[in-house]
Each structure stands twice: as C-alpha cells, then as structure tokens.
Trainee: 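Take this structure, written in structure tokens, and hold onto it; I'll ask about it next.
Since the structure is predicted, the reported quantities are computational estimates derived from the model, not experimental observations. The chains referred to below are lettered A, B, ... by the order of the sequence lines, with proteins before strands, and numbering in each begins at 1. Basis for what follows: all heavy atoms, side chains included, without hydrogens, waters or symmetry-related copies.
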2 protein chains.
Amino acid sequence: MKIINKINSSIDRNDIFYSFEYFPPKTEAGVENLYSRIERMANLNPDFIDITWGAGGSTSDLTIDISTTAQNLVGVETQVHMTCTNMKKEDLRAALQTLKDNGLQNILALRGDPPLQSNDWVEVEGGFKNAVDLVRFTRQEFGDYFGICVAGYPEGHPNGNYKQDLVYLKEKIDAGADYVITQLFYDCDQFLKFVYDARAMGINVPILPGIMPINNYNSWMRMIEFCKTKIPPNVQQQVEQLNVEDDEQVREFGIKLCVDICKKLLSSGIKGLHFYTLNLEKSVTRILEELDIQREIDQRSPLPWRPTANVKRQKEDVRPIFWANRPKSYIARTSAWDEFPNGRWGDSRSPAFGDLSDYHIIGMYSAGQPDDRTIIWGECHENIESVYKIFVKFLLGEVSKLPWFDKPIERETIQIQSDMLHMNEKGFLTINSQPAVNAAKSQDPVHGWGPKGGYVYKKAYIEFFASPENTRKLIQVIKNNNVNVSYHAVNIKGEELKNFDNNVTAVTWGVFPNKEIVQPTVVDSESFLVWKNEAFALWLSQWASIYSEGSQSRRVIQQIHDTFYLVNVIDHDYVEGNIFNIFNQL
Amino acid sequence: MKIINKINSSIDRNDIFYSFEYFPPKTEAGVENLYSRIERMANLNPDFIDITWGAGGSTSDLTIDISTTAQNLVGVETQVHMTCTNMKKEDLRAALQTLKDNGLQNILALRGDPPLQSNDWVEVEGGFKNAVDLVRFTRQEFGDYFGICVAGYPEGHPNGNYKQDLVYLKEKIDAGADYVITQLFYDCDQFLKFVYDARAMGINVPILPGIMPINNYNSWMRMIEFCKTKIPPNVQQQVEQLNVEDDEQVREFGIKLCVDICKKLLSSGIKGLHFYTLNLEKSVTRILEELDIQREIDQRSPLPWRPTANVKRQKEDVRPIFWANRPKSYIARTSAWDEFPNGRWGDSRSPAFGDLSDYHIIGMYSAGQPDDRTIIWGECHENIESVYKIFVKFLLGEVSKLPWFDKPIERETIQIQSDMLHMNEKGFLTINSQPAVNAAKSQDPVHGWGPKGGYVYKKAYIEFFASPENTRKLIQVIKNNNVNVSYHAVNIKGEELKNFDNNVTAVTWGVFPNKEIVQPTVVDSESFLVWKNEAFALWLSQWASIYSEGSQSRRVIQQIHDTFYLVNVIDHDYVEGNIFNIFNQL
C-alpha cells in the first residue's frame, strides 16, 4: 500500500512509527547478507524500508532487484529511491513501469547527486533538472498509483540555500509529493525550526526526520563533510573526547546520540523516525530497544505467516503448508496468479504453479556454495542411515541448514522436538511440521497471531521422506489404530498412497471478534503433488550435486530420491489427539 | 438433486432408504397441517417424498404449490406426480417448466387414473395416451434435467394384464425413466416375482416396493377394491379376526402387517421402501421404529440448519442468524439470489433481500387466525410489563407461539432458559438466541452436526427487543465490564448504536477431517438492518392487529414498535465467557 496511508493511519492511532533505509551492496555476498538483515530487521516492524539509488543511476538494476525481493519475498513495504540524474524520460518511464509490474508502489523522488567522477552537473538530453520534474512526470504518467516521497534539507541543500530550498520543497509537494524525509542532521532544534518554517510555507504533509547512527569515525566524518552536516557544539565536545580508533566506543556514542535526538523529537510531538541504517543492524536495533517503542503483537502478526507487501497480493489470506519453510519459493511460483484469494482456496486451484528454474532470487537463500554444503551435510555417506543422522543433527542444531528450509525452524517446533528426533532416527526424515494448538489466545507469545481477543488453532502436521518399507509400516499402523489421521504419500514416479479423496483441509485457523473464521494455512492435496516435485528435486540439485559423479555418497542420495516417498500426515483431532502415538508404535 | 442419484449412492453404501408419499388435502387447514407433518416427518430422513397429482389433474396447482414448499422451505427432495390425463402438450410443458423454475427436479410419470365421474377414458386432443409418452416428451423437451420415476404393477395394472404391463414397463425405462415405484401390495412373493420377471426382461433400474399402512378398515377396503389388490390368505385370516370398528386395533394390525412385509423384503435384499403415508404420521413412524433403520447423525445434519432441496441452492452453505426462527421467510426473501454462496458471505452482500408481502406460503406458518392469537397473546394489555409476561410464558411453554418463530424453540435453548427468563422479566424480550458451544463433538446428540470426527462451535448470541432505557443501561454495563462482547441496536427509525464497524461474524462453525472450516451461520451487520424491518413489522401485522383500533392494548404494542430497539449481542469469548453476566448486572 502507499506509505502515506500507513503514516496517516499511524498518526490517527497516535502511534510512533519508524522506517529503515538500506543501500545496494557492491558484492553478491553483500546482497545475500543484506537480505538476511532486512528479513531480521523486518521483525522490528518498520512501517517501511527504502532502498537507495546509486549516484548517477549506477545501481539502478540492483536497486529494483533488492526492492522487489524485499517487497515480495520479505514482505515489508519498500520505497525505491529514484533519481533523475543522467536518466532519459523513456528510461524513467520504463523504470517506474518495472516497479509497478513488480508490485512496488512507493518512490522517493530525488534529483540525485552527480556521479563522483564528474565535477560538473550536466542535464542529459530529454532528462530532468530537478526532483520536482520527476514528481510531475510520475503523477502525469502514473496518476495516483505511486506514493511519492521527497527529500527535505533542515540545514539547506549542500549546494543551495535554506530559504530557496523551502520554496523548492513547496513546489515538490504542490506537484504531488505525499510526504518528506529529511537529510541527516544532529541538531534537533534546526530540524524543528525546519518543520516550523515548512508549515508556515503551507507545507502540511508529514516530515520524517532522517537519523543516522555512527559505525566508524572516519566514514562518519566523510559523510558529514559530504552532506555539510552541522555538528552542534555540545555534540562536538563529546566527539572530541572519543578514542576515534575504538570503533566500539564510537558506535556506543552514536547510539546514545541518536537515542537523545529521538527522545527530543518524540517529546516535541514528532511521531515518525527514519533511520539511515548504513546496512547495519545493531545500532538501530539498540536505539529502538532503548526508546522502548516496540509494537503490539496484534499489529505484528495479522496472519501466522508474513504476507508479502506486493500491492497485487494484498488480499492473499491463505497458503498451502508445504512451502512453510520455503515461502520465497512459493511466492515466486505463484507470482503470476492474478488474485489473492479467488474466494476460498478451493476456487484458486486452477492457476498453475510457475516454474522455479529461472527465478534468480531463490538461489540466494540456498545453503551456500557446494564446498560449504559438503562440510555441512557430510563428506561421505556410505549408506542411507548415515543420511538419517544429518536430519537428526539438524534438529539438534548441529547442522545449520537443509535444502528444504530457507529460514530457521519455527520456535513452536521445539515443543515437539524429542518426538521428532525419534522419528528421524527411525528414518522418517522430517522437513515440515506443526504441533496441534487448541484454542491458544491470539496474544499467546508462541502461538498467537491476529487481532486481540481471539483464539487460534492448528492441526498437528508432519511431512517427511520415508523409505517404501517405512511408509508401508506407517500406513498399517494408521489402519490398525483407527485414528482420525489422514496420510498422503507420493514418490518421484507419482505413485500415490492416501486415505481420503482429493480435498483442501484447513490446518491453521483463528476465531476473532467481529470476523469470519480466518484459515490462512491449508493442506491441498493437488498442490502437494506440485510441491513434491520441488521437494524431490532439492535432493539432487542441492545435495547429490556436491558429491562427485559415480561416488557412493551420490548413489545414496540418488537412491533416496528415486525410491523414497514424500509423506504428509494430519491429525484431525487437535483437541485430544497426539500425532506421535502412531510413530511411537513403529 | 435427482432421486436416482440418491438411490444409487444409498445402494453403493449398502444403506437402507425409504420415501414417503402424500396427497394434496382438500382444505386450507388440511394443507397447513400437511406442511407441519411433512416437516416433522422430514426428521425421519426419507431419501425423498412425493406428492400425488389429483385424478384428472384436478389438484395440479396445489400439487405444484405443496411440492415447491416442501422442496424449498422444508428442504426435503420432492418428487411430483405428473399424469397425462386430460392434459395438452402445451399444458404439460408449462407444468414441467414451472417445476424447473421452482427448483424441483423429479417427477413420477403416470398415465393417470380417469376422473371418477367419467366412466370412459378419452384422450384429449394434443394429449397423451400412456405414461411412456410423457416420459418421452419430458426427455425430449427437458433432456436430462428431470429425474423420472414410473409406476410398476406387481399384480398387473387393474385394467391390464401382468405380462403386457411388463412390456409397457420396459418401454417406459427404454424411453428414459430412471427407476420404478410399484403399486401397493401385501403379497411379498408376488413383488419378488415381479422384480425377478422385470430383471429377466432386461429392466435393470431400481424397483421400490409401495407399502401402505391401514388407517381405517372401510377406507382400506375401498382402496384395495379400487386397485384390485390381492390379499394373501394368511393376511385374510388375520383381517377376519379384527374388530373392524376398532380403528386403533386396525391400525396396529396394519403396522404389524407392514413391518412383516418390510422385514421380508429387506431380508430378500430389497434396500428401498416407498410408503403411501395417506398423509398420516404415526403408522409410518412406528414401522420405521420397529424396523430400527434410523440413519446415522452425520447423514442427518450436514449443516446446523436444514438446507433447502432446491437444485439452484445446492451450494448454499451460510445464512445470517437473524432468520434462524423464520427460515421460510429467509428462503422466500432470497429466492431470487442466483448463487449460493457467491464465495463467502461477504461477497454475496450485494443481492437485495426480496419483499415478503406477496409470498403466500409464509402466512401458513403464522400464529393462526386473529381470534386464536388474541387467546394466545392476551385479550388486553394495560401496559408494557404485561407484554413482557407473554414472552416469559412463551419460554415456559405456556404460550405456544410468538410472531418471530415459525417453528418450535430449539432444544439447545433449554440449557439457557433460566437466564433467559430473568432477561425477559426485566424487559429484554428475546426472540433469538444460541448458547456458546466450545468444541462439542460433531456427533454430540444436542449440538452436533456435520461429518464424523469433527468439532463444532458456537458463539453465544442473544437478540431481543428492549426499551431505550434498558438498551442504554445494557450498553453502559458492557462498557464498564470491558468484555469481549459486540452489540448492535437499531430502532424502527433506523437509529443505530453499536461498538464495531460493519462486518460479518461467524457465530457457528465446524472443524472436520479433510475440509476447510465450515461456517454456516453468521451475524452480518448489513443484513441485520433488513431483518429489523421484518422483525418490527411483525409487532403490528401479527400482534397489534388483533386489537381494535384505538384500544389500550393496541397502543401498548404500537408504543413498543415505535420506541424499542432491536438489539443483538455476541459474546466472542466462547471458551471462557458467559453472556448472561452482563444481563445479571442490570
């Protein structure tokens, strides 16, 4: 959604809100790390994040890639910096169209700094001179679709003057910009004067202060010089007492400085804070902790999984459980679906799941380079039992990754860990599970999600690979026990064993005040057959491939791939049942 | 759905099934009684019922009316007798089209007996001579839409001969008939021979035996003579020992006779029984009891309310709670809706609720003639408190009807009766309620519905009329107690008081194996405003109208209508809450 709408509703609720800015890293590994960081920091619940646009448009493709991933796969509303430096109209139109196609809806319109190597600013032919031109162009070409933010300069633009800059700001707002983020500053009074002067000019949109922590003394100094940022005398005094070689001390000073600034801003009635994170995690996390402005859980988790922020998927409210540990793969494979949801899950079966092969984002979340994987998953496997041990070690935390997980195991899995260990030791290689939850309160710290005053539920679910013999034994136990349990087994050849007709089963649901029942996770037997191809393929692409052709290890993995069943088991009795009873009888 | 499909799936499940035949009564009161009877007997779970077509088409309009009501409002699959006696093609086409328009899908195609006053059979011009013509015509004009049953004569047609009748039967099947119901008989061996001979002829469709209990000796004798039914010698002996003046003894004999016949048929592998009920209830009920072939609860109640059998509403799976006690009114008012459901309830808001005024069926379920109502609801009301007492008496069973109920109170209401009594004594005039149900098993004898192995739930709901003062007090108590309770109050002027935004709340739902959550009852705040008009109007049309113009009683009722609020209250805490806590504080 448009960030201005989020800001306005935060203001309506009298809530404090904040946002994080990141820049495109220079290396591929850096990009991968940034994704992990954005994902972890998304748990701090920023209203939005934004991604800068390299000087002279040098990182434009990467900016769009990162923004698209953050918006869609991480699920945090993402604003994209757009500069008109060196950009032709048709290029800008194309870039904006790409953002729209990718489900992004927010831009920060900038003139852009000139590339560092050029000393003189030259307008390219058919391009723009100022940010206001970009605002006008975006409104003219895309109407109200985009939320537009513009930059404000509490101390005046480095190359401009304070008064004239306010006139320019007014022009940008009049041209259709929705709100303002300011350049970094350390002089609170100057920021408050700027807001006062802007209001006096008739600028009535929200103005978010730009807050920048300090990572390292020298880089901070370079930034301050580049931006011509004033350092107030009392801050200057403190800086002079620092041991500038001691990064730790400098960072601690920066945290304290930012906390002081934020407190002063908040006490002056400012509600929103924009953090220039410098792609770093600790400082901003610490600042927020010290400000003690964590959000309520009911704002955090409207659903038990993190929705994407893609504007086209705002209505998505149900997902099959199979991709619970690979949500990015699910989002990628369903990105062509038009509507979320088409009514209930049952009605949206028809859209085909897309192919994964050419979705380059996914690779970034894999288990790393072949050499790393060999270390993690074992140099050599003489037999299948040796592979079982890797799964056991994964549950014990001694193996950090498995091909079927693109994120750490859910906290709630811990409560069923000892039963799961026994299963894996016996060769039921678990890749997905959830415990039964019977009427946990929606504010429960482990199981809760959704609005206050509700109750949430889960049916116990376990999904695993098992040998044909183990699969047959399990089915026999289920039959003998006459339990309220469904199973669905399928091997790579597509041979199926199951005890129900094709259907869609809700396995996670919530009952809330003034709502219909929300049922965000389902087991859909048709989707399972799609997932099964992906799940089996990972044995080969991620695991077998790390061993040399013709090796025993490779044969062992290939044998699992060729003969094992992928099985899911649901215990429908979430009130009195225990799904592990059947496994304990094996 | 087509009866042949129900029969086939009963046969597949190896289930015994049965059906009831009724005829159109001669008086309006008789029709009203028949509806009550069909509704009560629907609880015996016949696979279908059928309604005869008077000789010579004399009751055709009434046959269609009764069939439509049974199919739509009572919700039992209804087969309509069609005869071609005295009917022109265009009339038959019109009659079939009317059935289709009314959501009926099954006919019994008969030649028809000649009207009693005419002694000679005359084919009308453009009409048909035999049932087979009607079968052909129906298939030709309506394709596969209709399920078609035809009559079989185990002893030969009264005016035909056994062998020739089998040839005719084969013709009817070949022309497209789906199954056979036979003429009444008391000679089991003859019926079994008939089935054997039919199979030998290549007639492979189901053949249901027609079973007729005895109500009264003389009418039975007339029927037997008219149909030329053979009485086997051993039965004849028993009849001769009867005191034919003793109706009770004759009926008991008839029950025993039918039970013996049914047992013999069932032990011979016959699975379906068709009862000629003669519009009477006790004999058939007793026979079924003695045969001990009651259905399983999961076949009885797929939903907590009885769905209609209208083919156009087969997908209906959600209703607003407001009409829970006036389901016929709800069905009538929504009969123009195209689809049930349009996805979720939320999506089907747009269709307008139709007007009730011209739906003549509804009147039949009202509280009777004005004089009766005066007796029930009091000759004279000096004040509002005196009206409160009528509601209290209704709960106590001392008053049999209220305008807002077209059927008896639900069993489950009994468990909250004492709290309800206190409410009504205080002037909260309850017209609808359900207690909270937290994870009752789906086979629970009181609260259960839906397939085996599930759990069902309800949020406590109470709906009542209350004076403005009582309404204000209640709202204050809800506010003071900070409970998880919603209220929505509206008066005849449309003035609303509520503590939530417009929404749809599930108040009855079920969780079953291999299914999404089923949520068949909702509180929809927009529909409540439609229902409120109907609920207020009943004060005047049903109650005020029984007192003379200008009387004090009429003024009292009018005052309630003009000033009271209609209020609904939902307690969202179905696990730990008690909705009566707030009323007990008043």
Side-chain angles (χ1 to χ4, degrees), chain A residues 315 317-318 339 341-348 436 438-442 451-459 482-488 498-525 570-577, chain B residues 315 317-318 339 341-348 436 438-442 451-459 482-488 498-525 570-577:
Chain A
K315 287 186 178 171
D317 62 3
V318 56
E339 286 175 56
N342 304 329
R344 299 190 179 192
W345 181 253
D347 303 332
S348 60
N438 180 24
K441 295 202 170 170
S442 57
K452 279 182 192 172
Y455 290 99
V456 300
Y457 296 82
K458 287 187 176 180
K459 288 182 180 175
N482 192 27
V483 282
N484 200 348
V485 162
S486 306
Y487 64 85
H488 190 176
K498 57 184 179 177
N499 64 347
F500 57 86
D501 294 331
N502 272 5
N503 64 55
V504 177
T505 304
V507 289
T508 300
W509 65 100
V511 184
F512 304 100
N514 303 313
K515 268 180 172 293
E516 290 186 271
I517 313 299
V518 181
Q519 31 190 333
T521 313
V522 296
V523 170
D524 167 34
S525 44
I570 310 168
D571 183 354
H572 296 289
D573 194 348
Y574 55 95
V575 177
E576 296 171 354
Chain B
K315 286 188 179 170
D317 63 3
V318 55
E339 285 177 55
N342 302 330
R344 299 189 179 193
W345 182 253
D347 304 330
S348 61
N438 180 25
K441 296 202 169 170
S442 57
K452 279 182 191 171
Y455 291 99
V456 299
Y457 295 82
K458 288 187 176 181
K459 288 182 179 176
N482 192 28
V483 281
N484 199 349
V485 162
S486 306
Y487 63 85
H488 190 177
K498 58 184 178 178
N499 63 348
F500 57 86
D501 294 330
N502 272 5
N503 63 56
V504 177
T505 304
V507 290
T508 300
W509 66 100
V511 184
F512 305 101
N514 303 314
K515 267 181 173 292
E516 290 186 273
I517 314 298
V518 182
Q519 31 191 333
T521 313
V522 295
V523 170
D524 166 34
S525 44
I570 310 168
D571 183 352
H572 296 289
D573 194 348
Y574 55 96
V575 177
E576 296 171 354

Trainee: Between B:V318 and A:E516, does the side chain to side chain contact (heavy atoms under 4.5 Å, CB included) criterion hold? Intermediate values first, please.
Mentor: CA-CA 11 Å; B:V318 55; A:E516 290 186 271; 5.6 Å; no
Trainee: In chain order, what residues pass the ring pair (Phe, Tyr, Trp, His ring centres under 6.0 Å) check against A:Y455, with sequence neighbours excluded?
Mentor: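 With neighbours one apart ignored, the set is B:Y574.
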Trainee: Identify which of A:V507, A:T505, A:N484, A:V485 forms the greatest number of heavy-atom pairs closer than 4.5 Å to chain B.
Mentor: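 Option with the greatest count: A:T505.
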Trainee: Does any non-hydrogen side-chain atom of A:V511 lie less than 4.5 Å from one of B:Y457?
Mentor: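 Answer no - side chains too far apart.
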Trainee: Mind running side chain to side chain contact (heavy atoms under 4.5 Å, CB included) on A:K515 and B:N503 for me, showing each step along the way?
Mentor: CA-CA 7 Å; A:K515 268 180 172 293; B:N503 63 56; over 6 Å; no
Trainee: So which atom in B:I517 and which in A:Q519 form the shortest heavy-atom distance, rounded to 0.1 Å?
Mentor: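 It is N-OE1, 2.8 Å.
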Trainee: Applying ring pair (Phe, Tyr, Trp, His ring centres under 6.0 Å), can you list everything that pairs with A:F512, at least two apart in sequence or on another chain?
Mentor: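 Per chain and number, A:F512 pairs via ring pair (Phe, Tyr, Trp, His ring centres under 6.0 Å) with A:W449.
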